[in-house]
Amino acid sequence: RDLGPDAGHRLWSLLGFNLGIELAQVGVAGLVAGLLLLVATKLPVIPAIAARFASVAAVALGSVWLVQRLAALA
């Protein structure tokens, strides 16, 4: 705080930082989507395998997070 911008500029700094982060995430998501589309056109079996893997990964991560939160409540 002592070395950072004054209160009037803090809002704009935070807004600019968050906007930059969001733009970077959109860029990475667009790049990954483009690569996945390219792979899907070359190897048609890959999307089915990727969908199954993504589903299993989502269930696994959700289960881990559920157990962590339940353990934190205990």
**Study point:** Side chain proximity check, V39 to L35, heavy atoms < 4.5 angstrom
**Key:** no
Review point. Does some side-chain heavy atom of Q25 sit less than 4.5 Å from a side-chain heavy atom of I21?
Key: yes
Exercise for review: Starting at CG of L19, measure out to CH2 of W12 and round the result to the nearest 0.5 Å.
Suggested key: 11.0 Å
Practice item. Mind checking the CG-CG spacing from L36 to L31? Nearest 0.5 Å is all I need. Key: 9.5 Å
Review point. In Å and rounded to the nearest 0.5 Å, what is the OG1 to CG distance from T41 to L37?
Key: 6.0 Å
